[in-house]
Amino acid sequence: MNEGHRAVGQVKEITSLSNPIVKDIKALALKKFRDQQNAFLAEGLKLVIDALDLGWTIRTLIFAKSGRGNAAVEKVAARTVAAGGLVLEVSEKVLAAITRRDNPQMVVGVFTQRYLPLKDIRPSGEEVWVALDRVRDPGNLGTVIRTADAVGASGVILVGETTDPFSIETVRATMGSIFAVPVAKTSVESFLAWRKGFAGLVAGTHLKGAVDYRSVDYAGKPVLLMMGNEQQGLPDNLADACDRLVRIPQAGRADSLNLAVATGVMLFEIRRTALKLGAEGVE
């Protein structure tokens with residue numbers, strides 16, 4: 001069936017791996033096809049529900065035969081149909097092929113990608129933004145997005161050639177936070193031009209940082225946290241754009257922290273006065 005001419009709101013049963021719709025969805029494992037289709041995969045019923053609740057556009061819902069009769073799955077299928085999406089009931093074999101997992105989640109959604117234009121980011125109040133320079137590891141990027149969500153940061157800016165925030169590995173690592181945290185991507189030149197208009201504190205971690213990260217006052221103003229690449233740290237042009245270069249003190253033989261861990265340490269310090277244990281408790 002030609003995907004371009006399908007009727008909206010269809011429910012279709014598929015058991016063959018050679019089905020052209022399945023082939024298109026499987027192709028989303030590759031960045032080239034994600035970019036061509038402007039789409040990505042998210043696995044799990046909770047993630048799909050969260051995405052729909054947050055207003056993301058669902059194109060296709062894929063669920064395992066075992067999900068038939070499950071009230072939550074059927075409700076999400078009805079929401080997909082109402083949104084004009086395609087609903088596929090597939091065999092376990094097809095679902096495993098799509099997710100490249102032997103024990104896949106019962107539900108997978110295909111969503112339209114969404115980036116926030118850099119020009120639309122105008123931080124105010126005590127907003128916190130994270131800028132990541134050429135982040136390479138999807139697990140690191142996903143964990144940073146999840147941590148940004150946890151501390152109430154406003155979004156993540158990807159600078160230069162970075163790993164894809166919509167790869168299946170990154171989306172998995174975000175645990176659903178990809179749908180809650182705005183992501184922008186930009187060149188170094190555009191980022192540095194935008195930074196000139198940033199009215200707040202720009203802090204970066206750097207091995208040459210002379211200041212303990214805990215000694216800086218982050219409260220009462222917007223903060224942009226700049227974090228360098230896993231191998232090289234912040235390059236000179238980005239380090240020079242920081243108001244403060246800070247270091248996280250360490251003891252022991254390790255001479256550096258994992259990027260996602262270092263970003264987490266910084267974010268929790270920057271947001272320290274804003275975070276209180278309330279009725280929600282902790283995970």
Side-chain angles (χ1 to χ4, degrees), residues 1-12 14 19-63 72-73 75-90 94-95 97-100 104-121 132 135 138 141-142 144-146 148-149 154-158 162-186:
M1 178 182 182
N2 185 326
E3 177 121 39
H5 295 94
R6 69 176 188 233
V8 296
Q10 282 190 320
V11 181
K12 191 173 173 63
I14 293 179
N19 182 289
I21 299 174
V22 171
K23 285 184 171 176
D24 278 353
I25 295 168
K26 277 180 67 183
L28 294 175
L30 299 174
K31 186 176 189 306
K32 180 174 95 169
F33 293 106
R34 285 196 297 275
D35 289 348
Q36 276 178 12
Q37 298 183 38
N38 192 33
F40 70 104
L41 288 175
E43 305 161 281
L45 181 60
K46 181 183 182 301
L47 259 66
V48 171
I49 292 170
D50 286 351
L52 290 172
D53 287 348
L54 289 166
W56 286 66
T57 302
I58 188 164
R59 297 188 186 178
T60 310
L61 180 78
I62 306 112
F63 71 92
V73 172
K75 186 176 178 187
V76 122
R79 288 178 74 178
T80 303
V81 169
L86 180 67
V87 177
L88 305 179
E89 181 185 315
V90 302
V94 169
L95 204 54
I98 287 169
T99 60
R100 302 187 172 203
Q105 300 257 14
M106 185 166 51
V107 173
V108 176
V110 177
F111 290 90
T112 300
Q113 294 185 20
R114 185 192 290 178
Y115 284 103
L116 180 66
L118 186 66
K119 63 179 173 55
D120 292 350
I121 302 175
L132 297 175
V135 56
L141 176 54
V144 168
I145 291 170
R146 183 182 179 187
D149 189 10
S154 296
V156 173
I157 301 168
L158 303 178
T162 69
T163 192
D164 186 1
F166 296 111
S167 75
I168 200 158
E169 297 84 4
T170 307
V171 173
R172 277 175 187 157
T174 72
M175 298 293 284
S177 292
I178 187 69
F179 298 114
V181 176
V183 174
K185 65 174 179 176
T186 181

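Side chains included, hydrogens not; waters and symmetry mates left out as well; all remaining heavy atoms used. By convention here, the first residue in the shown sequence is residue 1.
Here the CD1-CD1 distance, from Ile14 to Ile98, works out to 8.0 Å after rounding to the nearest 0.5 Å. How far CG of Leu86 is from CD1 of Ile62: 8.5 Å, rounded to the nearest 0.5 Å. The CG atom of Leu141 sits 6.5 Å away from atom OG1 of Thr163, with the distance rounded to the nearest 0.5 Å.
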Test Val87 against Arg79 for side-chain contact (heavy atoms from CB on, under 4.5 Å), laying out the working first. CA-CA 10 Å; Val87 177; Arg79 288 178 74 178; over 6 Å; no

Carefully, step by step, assess Thr112 and Arg59 under the rule side-chain contact (heavy atoms from CB on, under 4.5 Å). CA-CA 7 Å; Thr112 300; Arg59 297 188 186 178; 2.9 Å; yes

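Applying the ring-ring contact (aromatic ring centres under 6.0 Å, His included) rule to Phe166 yields the partners Phe40, Tyr115; only residues at least two apart in sequence or on another chain are considered.
When side chains are defined from C-beta on, Leu132 counts as touching Val156, because their heavy atoms get closer than 4.5 Å. In this structure, Thr186 and Leu158 have side chains that are not in contact, with every pair of non-hydrogen atoms separated by 4.5 Å or more. Contact annotation: the side chain of Ile21 never approaches that of Lys26 to less than 4.5 Å [non-hydrogen atoms, C-beta and beyond]. With a 4.5 Å cut-off on side-chain heavy atoms, Leu47 and Met175 do not count as touching. At a threshold of 4.5 Å between non-hydrogen side-chain atoms, the residues Val107 and Leu61 count as touching. Proximity of Asp164 to Pro138: side-chain heavy atoms (C-beta onward) are nowhere separated by under 4.5 Å. Ile49 places none of its side-chain heavy atoms less than 4.5 Å from the side chain of Leu52. A heavy-atom distance below 4.5 Å is not found between the side chains of Val183 and Leu116.
Ion pairing between a basic and an acidic side chain is recognised when a charged N comes within 4.0 Å of a carboxylate O; Glu43 and Arg172 show such pairing.
Residue Met106 places its CE atom among more than 12 non-hydrogen atoms of other residues, nucleotides or ligands, all under 6.0 Å distant.
Ala42 approaches Val48 most closely through the heavy-atom pair O-CG2, 4.1 Å. Across Arg34 and Leu28, no two heavy atoms sit closer than the pair NH1-O, 2.9 Å. The two atoms that bring Ala27 and Phe33 nearest to each other are O-CB, 3.3 Å, heavy atoms only.
Under the side chain to side chain contact (heavy atoms under 4.5 Å, CB included) rule, Val108 has a single partner from Leu45, Leu88, Thr99, which is Thr99.
Using a distance-only test at 3.5 Å, with no hydrogens or angles considered, a donor-acceptor pair links the side chain of Gln113 to the main chain of Ala39. The backbone N or O of Ala180 lies less than 3.5 Å from no partner atom in the side chain of Ser177, so there is not a single donor-acceptor pair.
In this structure, Phe111 has its ring center no closer than 6.0 Å to that of Trp56.
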